[in-house]
Amino acid sequence: MSLIVNKSISITKGQEHQVCNVDLTKRENFFYEVYQKADHCVEEIRAASNEDRTESINNIIAFCGERGQGKTSAMRSFSAILKKRDNGSLYYIMNIVDPTSLEKNDNILMLVLSCLFRDFKKKWNGNNNDKITLENKKNQILSYFQKAYHHISVIKNSSKTDNEADFDDIMNTLDKYGDSTELSDVLKKLIRNFLDFCDYDKNSFFVIQIDDTDLNVERAYEIIEDIRKYLSIPNVIILMATKFEQLSKIIEQNYIQNFKVLYEQNKINNYEIA
């Protein structure tokens, strides 16, 4: 015999369209099943996460829904639950990243890096411990920030075509491939050292929240690819609130553009692209 649980939604007058935090752990909460699935995904990521592994991991947990259905509230509420676990020593929650704020020459990697640097400055300025003993840790972290900034800048810097390239351009292009392979490793070390600086142990996780990726139509595919290439690393969890159908269409259109010639000659169809 199955137990039927009535679900409830609480609405505060005057805040009907605002993001809010709710207790997802209560069975009567409308998002209780969402919480259970997300919690199961966290355990899978924890089991798969290993600092010594070289291959990427699937560390994205997506909260999907239509506009106004509460996906951002569910994501933020889930983050609040993670933050409280084990007295707050397991998950470091970074503030929500908004891809719609990206300017033309910005990218999600630099946005995440800048948010992380801002958090590091706050931690350093607010640390009352003996700062002399922490100086080496600080310098080590700053060196990783510098390396990450360099790698991202080189990777994202537009290059000339082969016909226009001179010797320096060719050398820069070769250097770019090296930066691409090293960036994930640098970010992994940066985050690991940052967590250590914040007194989190080696089993802790850095949680990145990304809201409304699909609303940045022109950059959504690039954002997803950057996350897949460079942030699918151990000790990192990506929480994403998005309209999945719209994001899928954006990615599909990007693939159609990439295979434009074959698509126009009917040598490839939507099913194969998807």
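- With rounding to the nearest 0.5 angstrom, the CG atom of L90 is 7.5 Å from the OG atom of S204.
- Within a 6.0 Å sphere centred on NZ of K249, other residues, nucleotides and ligands contribute 12 heavy atoms or fewer.
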Carefully, step by step, assess D226 and K156 under the rule salt bridge (charged side-chain N to carboxylate O under 4.0 Å, His left out). CA-CA 10 Å; D226 282 342; K156 294 299 181 179; 2.8 Å; yes

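- The pair K189-E182 fails the salt-bridge criterion, with no side-chain N (NZ, NE, NH1 or NH2) lying under 4.0 Å from an Asp/Glu carboxylate O.
- Taking CD1 of I210 as the start and CD1 of I224 as the end, the distance is 7.5 Å to the nearest 0.5 Å.
- Take Y92 and apply the ring-ring contact (aromatic ring centres under 6.0 Å, His included) test, not counting sequence neighbours, and it matches F194, Y200, F206.
- Residues D86 and S89 bring a donor and an acceptor atom of their side chains to less than 3.5 Å of each other.
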Do D211 and R76 pass the side-chain contact (heavy atoms from CB on, under 4.5 Å) test, and can you show the C-alpha distance, the side-chain angles, and the key distance before you say yes or no? CA-CA 10 Å; D211 194 18; R76 197 168 76 172; over 6 Å; no

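- Atom OH of Y149 is surrounded by 12 or fewer heavy atoms from other residues, nucleotides or ligands within 6.0 Å.
- Atom CG of L239 and atom CD1 of I93 lie 7.0 Å apart (nearest 0.5 Å).
- The main-chain N or O of K202 is found under 3.5 Å from a side-chain atom of N235 such that the two form a donor-acceptor pair.
- Rounding to the nearest 0.5 Å gives a distance of 7.0 Å between CE of M240 and CG of L247.
- Look at E225 and R228 and you find a salt bridge, because one of the NZ, NE, NH1 or NH2 atoms lies within 4.0 Å of a carboxylate O, short of that distance.
- Distance check: K138 NZ to W124 CH2 gives 5.0 Å after rounding to the nearest 0.5 Å.
- Taking CD1 of I155 as the reference point, atom CG of L183 lies at 4.5 Å (rounded to 0.5 Å).
- Using a cutoff of 4.0 Å between basic side-chain nitrogens and carboxylate oxygens, R85 and D39 are scored as salt-bridged.
- Y91 pairs with exactly one of L195, L82, I81 by the side chain to side chain contact (heavy atoms under 4.5 Å, CB included) rule, that one being L82.
- Note on I96: it clusters hydrophobically with V34, by side-chain heavy-atom contacts below 4.5 Å among ILVMFWY residues.
- By the 6.0 Å contact criterion, CD on E43 is enclosed, its count of non-hydrogen atoms from other residues, nucleotides or ligands being greater than 12.
- There is a side-chain donor-acceptor pair under 3.5 Å between H40 and E44.
- The pair D119-K123 does not count as a salt bridge, with every side-chain nitrogen at least 4.0 angstrom from each carboxylate oxygen.
- Between F117 and F145, the ring planes are perpendicular. Angles over 60° get that label, and only those under 30° would be called parallel.
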Taking it one step at a time, do R219 and E222 satisfy salt bridge (charged side-chain N to carboxylate O under 4.0 Å, His left out)? CA-CA 5 Å; R219 309 288 293 281; E222 177 189 352; 2.9 Å; yes

